[in-house]
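Below is one structure, written out as structure tokens, with a few remarks after it.
What you see is a predicted model; the values in this text were computed from it and never measured.
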Amino acid sequence: MDAVRLIVLSRRALAAGGGVPDLLAEVWQAQALAQAIGSRLTLVGPPHLREEATVLSDLAGRGICVLDRPPLDSGEPRAARLTELGDTRACLMHLGGLLGDVGIALVGIACAAEDEATYWSCVEAIDAADEARDRVRDMLRKLADREAASPRREAV
């Protein structure tokens, strides 16, 4: 499935909410998708984005590690359905939005946490999602810079 379609599905699932376990499972799914997209960009994305894509994948992986895995009955990770990235810019723009939604959901969960372990897991996952979103912004900036430089080269 196309990355943008998977991101849209993840955003809808996260927005649908539910209890804390459901939200944490959706956050985990979103982080796993971000990791998969970062890995895919590292392998087949534009060469000038590959370093940031590796960092994105690592950061999303860190976000996954601090959260419990979703219940086994939730099926395969949504990220396993990723078959193509599609347009890199669109993919990154949607992924940035998803990571922003992840951060907002985690803030809500952390604020309502009844135990310190959940609170601190959320704080660490918020940091990972925020840093991953920064990488996405950096990649979007590099794409824009490359596109802006391209017409100037053609005019010369």
Side-chain angles (χ1 to χ4, degrees), residues 1-17 22-72 74-109 121-156:
M1 184 179 289
D2 176 76
V4 172
R5 286 182 58 203
L6 283 170
I7 293 166
V8 169
L9 285 173
S10 291
R11 291 186 83 176
R12 286 182 184 152
L14 196 57
D22 292 336
L23 279 173
L24 286 173
E26 287 306 326
V27 165
W28 188 95
Q29 290 277 3
Q31 290 282 33
L33 182 55
Q35 183 182 38
I37 290 170
S39 294
R40 186 71 57 96
L41 281 168
T42 298
L43 294 173
V44 298
H48 64 285
L49 300 181
R50 290 184 180 164
E51 186 176 328
E52 285 85 0
T54 300
V55 175
L56 168 64
S57 182
D58 292 345
L59 289 166
R62 193 178 89 204
I64 292 168
C65 289
V66 298
L67 300 171
D68 288 332
R69 190 170 178 359
L72 294 176
S74 64
E76 72 177 353
R78 203 171 286 125
R81 292 187 260 165
L82 178 65
T83 58
E84 63 181 277
L85 292 175
D87 178 64
T88 302
R89 174 179 303 292
C91 175
L92 291 172
M93 289 182 70
H94 284 277
L95 183 58
L98 175 61
L99 290 167
D101 293 348
V102 163
I104 291 167
L106 286 166
V107 167
I109 295 167
S121 292
C122 287
V123 168
E124 288 181 45
I126 290 166
D127 286 343
D130 189 46
E131 289 179 44
R133 190 172 184 207
D134 288 346
R135 287 297 83 52
V136 168
R137 286 184 186 139
D138 289 345
M139 287 188 278
L140 285 167
R141 214 173 352 263
K142 280 189 170 191
L143 280 174
D145 290 347
R146 177 71 58 113
E147 288 172 3
S150 184
R152 280 187 253 142
R153 279 189 228 140
E154 291 173 8
V156 174

**Study point:** salt bridge (Lys or Arg N to Asp or Glu O under 4.0 Å) assessment of D138 paired with R141
**Key:** CA-CA 5 Å; D138 289 345; R141 214 173 352 263; 2.6 Å; yes
Exercise for review: Could you give me the CA-CA distance, side-chain angles and deciding distance for D134 and L59, then say whether side chain to side chain contact (heavy atoms under 4.5 Å, CB included) is met?
Suggested key: CA-CA 10 Å; D134 288 346; L59 289 166; over 6 Å; no
Practice item. Give the C-alpha distance, both sets of side-chain angles, the deciding distance and a yes or no for side chain to side chain contact (heavy atoms under 4.5 Å, CB included) between I7 and I37. Key: CA-CA 10 Å; I7 293 166; I37 290 170; 3.7 Å; yes
Point to revise | Stepwise side chain to side chain contact (heavy atoms under 4.5 Å, CB included) test for D2 and T83 | key: CA-CA 6 Å; D2 176 76; T83 58; 6.0 Å; no
Exercise for review: Decide side chain to side chain contact (heavy atoms under 4.5 Å, CB included) for E76 and R81; before the verdict, give the C-alpha distance in whole Å, the side-chain angles of both, and the deciding distance to 0.1 Å.
Suggested key: CA-CA 9 Å; E76 72 177 353; R81 292 187 260 165; 3.6 Å; yes
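Checking side-chain atoms of S57 against main-chain N and O of A53 turns up no donor-acceptor pair under 3.5 Å. Of the possible polar contacts, one joining the T42 side chain to the T54 backbone as a donor-acceptor pair under 3.5 Å is found. Put simply, the side chain of R40 gets close to the backbone of L82: a donor and an acceptor are under 3.5 Å apart.
Contact detail for W28 and I64: the closest heavy-atom pair is NE1-CG2, 3.1 Å. The minimum heavy-atom distance linking A36 with A79 is given by the pair CB-CB, 3.8 Å. The nearest pair of heavy atoms linking Q31 to A60 is O-CB, 3.4 Å. Here the closest non-hydrogen pair linking L56 and G38 is CD2-CA, 3.8 Å. Scanning all heavy atoms of the two residues, the minimum distance from L14 to L23 falls at O-CD2, 3.7 Å. Looking at every heavy atom in both residues, R78 comes nearest to S10 through NH1-OG, 3.1 Å.
Just one of H48, E51, E52 meets the side chain to side chain donor-acceptor pair (under 3.5 Å) condition when paired with K142; it is E52.
With rounding to the nearest 0.5 angstrom, the NE2 atom of H94 is 9.0 Å from the CG atom of D87. To the nearest 0.5 Å, atoms CG (L41) and CG (L85) are separated by 5.0 Å. Here I109 contributes atom CD1 and I104 contributes atom CD1; the two are 12.0 Å apart, rounded to the nearest 0.5 Å. Distance check: Q29 CD to L24 CG gives 12.0 Å after rounding to the nearest 0.5 Å. The CZ atom of R12 sits 6.5 Å away from the CG atom of L9 when rounded to the nearest 0.5 Å. A distance of 10.5 Å separates CZ of R137 from CZ of R135, quoted to the nearest 0.5 Å.
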Residues 95-103, side-chain donor-acceptor partners within the protein, below 3.5 Å, at least two apart:
{"residue": "D101", "atom": "OD1", "partner": "R11", "partner atom": "NH2", "Å": "3.4"}
{"residue": "D101", "atom": "OD2", "partner": "R11", "partner atom": "NE", "Å": "2.6"}
{"residue": "D101", "atom": "OD2", "partner": "R11", "partner atom": "NH2", "Å": "3.1"}

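Under the salt bridge (Lys or Arg N to Asp or Glu O under 4.0 Å) criterion, R89 pairs with E147, sequence neighbours left out.
Atom CZ of R5 has 12 or fewer heavy atoms from other residues, nucleotides or ligands within 6.0 Å.
Within the 4.5 Å cutoff, the side chain of R62 has no heavy atoms near those of the E124 side chain.
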